[in-house]
Amino acid sequence: MANIPGIPKGTRDFSPEILAKRNYIFDTIKEVFKKFAYKQLETPAIENLSTLTGKYGEEGDKLLFKILNSGNFLKNVSDTELHERNTTKMAHLVSEKGLRYDLTVPFARYVVQHQNEITFPFKRFQIQPVWRADRPQKGRYREFYQCDADIIGSNSLINELEIVQMIDEVFTKLNLKVTIKINNRKLLAGIAERIGHPDKLIDLTVAIDKLDKIGHEKVYEELRQSGFSEDGINLLEPILNFGGSFDDQMQCIEKFLGETDTGVTGIDEIQKLFTYIDLFKFNNNIQLDLTLARGLNYYTGAIFEVVSDEVQIGSICGGGRYDDLTGVFGLKDVSGVGISFGADRIYDVSENLNRFPEDVKTNVKLMFANFGEKEEKYCLHVLKNLRDSGISAEIYPESSKMKKQMKYANSNNIPFVAIAGENEMKENKFTLKNMQTGDQQLVTEEEMIILLS
RNA sequence: GUGGUUGUAGUUCAGUUGGUUAGAACAUCUGAUUGUGGUUCAGAGGGUCGUGGGUUCGAGUCCCAUCUUCCACCCCA
């Protein structure tokens with residue numbers, strides 16, 4: 001036991017059974033992305049630390065996995081610095097690279113780096129793992145996959161609509177019931193402005209976001225601690241007690257925001273988006289949620305979050321519009337909007353609810369039993385022909401006992417076993433056994449191909 | 001990063017107030033069955049009890065440290 005190796009915490013092995021189900025999720029998402037005309041991109045797991053730091057806020061920087069420089073990684077560190085043991089200070093001296101934290105920032109880096117080769121608007125999707133040095137817990141891993149789709153270089157709200165459509169289609173295909181929550185950062189900015197603290201947007205959003213988790217009083221308390229005035233907090237009351245129809249909500253927020261510039265634009269954007277949304281039928285709930293504030297700090301317009309209606313696991317998908325993500329890399333005025341599906345959490349939800357289709361488990365259709373040299377030769381040609389016809393098949397690689405071979409087929413969920421011994425070979429046929437029913441029939445190669453296709 | 005929790009066979013778990021050689025089920029392998037799996041029966045292999053230290057005549061059991069698991073907070077997919 002003691003000498004059995006393990007893997008770092010928060011990481012997982014994906015056995016074939018699990019991977020089959022994971023691929024089902026990836027394939028579903030990928031198919032939808034492609035249908036909406038997004039093109040696939042991959043970027044390296046490692047980025048320069050300068051690309052990553054400062055993009056995710058203070059917390060995010062702490063959660064970046066940093067890679068120790070190769071060779072003499074202490075060569076830039078002086079003895080006094082070593083003595084001080086200030087780890088944050090020393091980190092950039094011993095590490096120049098880090099593992100990617102999400103897919104959006106590398107995408108922004110890619111866009112800026114290749115701006116002359118890209119025709120805008122640019123739609124790309126990306127399915128790759130990301131790493132966070134977080135402490136693992138339920139639905140939270142240190143290595144997990146994101147499935148991102150972003151369109152960059154277009155301000156049109158049609159893009160927001162398409163994102164909602166993609167979300168709805170993906171979860172419909174996966175047979176999961178979800179609620180798509182929508183909000184707009186500009187509304188939140190307007191609220192911050194209205195209550196006299198336009199500079200404290202982030203503190204406001206972080207606090208508001210916890211509303212349904214910790215309740216009104218605690219939120220107020222947190223706001224007070226962040227330095228919001230009592231008057232301002234009192235003003236928030238009607239916003240936090242939001243409810244009613246979409247029109248009621250809009251009226252309420254409109255009245256509240258009054259003449260604040262950003263607020264008015266926000267109202268305009270939300271109204272337009274919901275006008276688009278009303279043109280179509282959706283399978284999942286879509287709601288305006290003013291308390292939705294999550295999302296990374298770079299979001300500036302619409303924000304999305306998707307939660308399962310059936311399992312409590314946190315958000316399984318999130319995204320939004322960012323007006324200036326590429327700005328930090330020197331490319332101004334390029335707006336984008338994107339979405340990220342959390343494949344690992346979606347897996348957990350599907351697994352929990354048992355929503356994977358039956359046929360994801362197996363794709364091997366047939367196994368040839370192996371009786372020895374002569375029989376092997378007889379089977380191998382037919383095996384090739386089956387494979388050429390697109391049928392996934394294999395031959396048991398050695399002539400072990402029949403029992404062992406049958407057991408192998410059984411535990412691998414192979415639905416058919418072809419048996420050929422002297423009798424079958426004489427007739428140029430095979431005994432085809434259906435592993436589910438146990439039935440056997442004598443067939444020719446051609447009949448077998450037809451039966452299995 | 002803060003607080004709590006867990007660790008015994010491949011897996012899920014028993015193991016009494018500290019007392020001989022640490023058990024079960026499932027899984028694996030072998031045989032009953034030399035051309036038939038998923039059911040049955042018989043048998044076998046598999047453990048430095050997470051790791052390191054300590055207390056004790058004696059530790060799976062008590063203490064400390066460390067790693068790991070899971071959970072909550074912060075934050076997030």
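Convention: sequence-line order gives letters A, B, ...; per-chain numbering from 1. Being a predicted model, the structure only gives us computed values, none of them experimental.
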ask   = Can you check whether A/F356 and A/Y347 have ring centres sitting under 6.0 Å from each other?
value = yes

message = Roughly how many Å apart are B/G43 and B/G35, using the C1' atom of each and rounding to a whole number?
response = 25 Å

Donor-acceptor pair, side chain of A/Q405 and main chain of A/S400, under 3.5 angstrom = yes

request  = Describe the nucleic acid contact of A/V130 in one word from base, sugar-phosphate, nothing, applying a heavy-atom distance below 4.0 Å.
outcome  = nothing

inquiry  = Would you say the ring centers of A/Y378 and A/F368 fall short of 6.0 Å from each other?
reply    = no

task = Considering only atom P, compute the distance from B/C75 to B/G10 and round it to an integer number of Å.
result = 42 Å

ask   = Are any of A/K407's side-chain N or O atoms less than 4.0 Å away from OP1 or OP2 of B/C29?
value = yes

query = Rounding to the closest angstrom, what is the interatomic distance between B/U21 and B/U17 at atom C1'?
reply = 23 Å

ask   = Taking the same atom, C1', in B/U39 and in B/A77, what whole-Å distance lies between them?
value = 45 Å

inquiry  = Using heavy-atom distances to pick each residue's nearest nucleotide on RNA chain B, tell me which of A/T437 and A/T11 is more 5'.
reply    = A/T437

request  = Assign A/E422 to base, sugar-phosphate, or nothing according to its heavy-atom contacts below 4.0 angstrom with the strands shown.
outcome  = base

query = For B/A25, what is the paired nucleotide under Watson-Crick or G-U wobble rules, both distances under 3.5 Å?
reply = B/U11

query = Looking at A/K401, does any N or O in its side chain come under 4.0 Å of the phosphate oxygens OP1/OP2 on B/G31?
reply = yes

inquiry  = Can you see whether A/E376 engages A/S399 through a side-chain donor-acceptor pair at a distance of less than 3.5 angstrom?
reply    = no

inquiry  = Roughly how many Å apart are B/C13 and B/U8, using the C1' atom of each and rounding to a whole number?
reply    = 9 Å

key: Check: B/G37 base within 3.5 Å donor-acceptor of A/N410 side chain   = yes

Distance between C1' atoms of B/A14 and B/U61 (Å, rounded) = 14 Å

task = Report which part of the nucleic acid A/E424 touches: base, sugar-phosphate, or nothing (heavy-atom distance under 4.0 Å, all strands).
result = base

key: Phosphate OP1/OP2 of B/U68: any A/K9 side-chain N/O under 4.0 Å   = yes

query = When the nearest nucleotide of RNA chain B is assigned to A/G10 and to A/R142 on a heavy-atom basis, which residue is associated with the more 5' position?
reply = A/G10

note = Which of B/C71, B/G37, B/A77 is nearest the side chain of A/M435? It is B/G37

query = Taking atom types as they are modelled, is there a donor-acceptor pair under 3.5 Å from the base of B/G37 to the side chain of A/Q436?
reply = no

request  = Counting heavy atoms from C-beta on, name the nucleotide in B/C71, B/C74, B/A77 closest to the side chain of A/R132.
outcome  = B/A77

key: B/G45 and B/U5, which share atom name C1', separated by this distance in whole Å   = 35 Å

ask   = Distance between the P atoms of B/U16 and B/C74, in whole angstroms?
value = 40 Å

request  = Report yes if the side chains of A/D148 and A/F107 come closer than 4.5 Å at any heavy-atom pair, otherwise no.
outcome  = no

query = Would you say A/Q137 reaches B/C70's phosphate, i.e. side-chain N/O to OP1/OP2 under 4.0 Å?
reply = no

task = Mind checking A/K403 for me? I need base, sugar-phosphate or nothing, with any heavy atom below 4.0 Å counting as a touch.
result = base

inquiry  = Once you apply a heavy-atom cut-off of 4.0 Å, does A/G60 come out as touching a base, just sugar-phosphate, or nothing?
reply    = nothing

request  = Report yes or no: does A/R142 contribute a side-chain atom to a donor-acceptor pair with the main-chain N or O of A/P136 at less than 3.5 Å?
outcome  = no

task = Indicate, yes or no, whether a donor-acceptor pair under 3.5 Å links the base of B/C71 to the side chain of A/R135.
result = no

query = Can you check whether A/F341 and A/F171 have ring centres sitting under 6.0 Å from each other?
reply = yes

inquiry  = Is it the case that B/U36 (base atoms only) and A/Q440 (side chain only) share a donor and an acceptor within less than 3.5 Å, ignoring hydrogens and angles?
reply    = yes

ask   = How would you label the contact of A/I419 with the nucleic acid (heavy atoms, under 4.0 Å): base, sugar-phosphate, or nothing?
value = base

query = Do we count A/F371 as stacking onto B/G35 if the rule is ring centres under 5.5 Å and planes under 30°?
reply = no

task = Check every strand shown and say whether A/Y141 touches a base, only sugar-phosphate, or nothing at a heavy-atom separation below 4.0 Å.
result = base

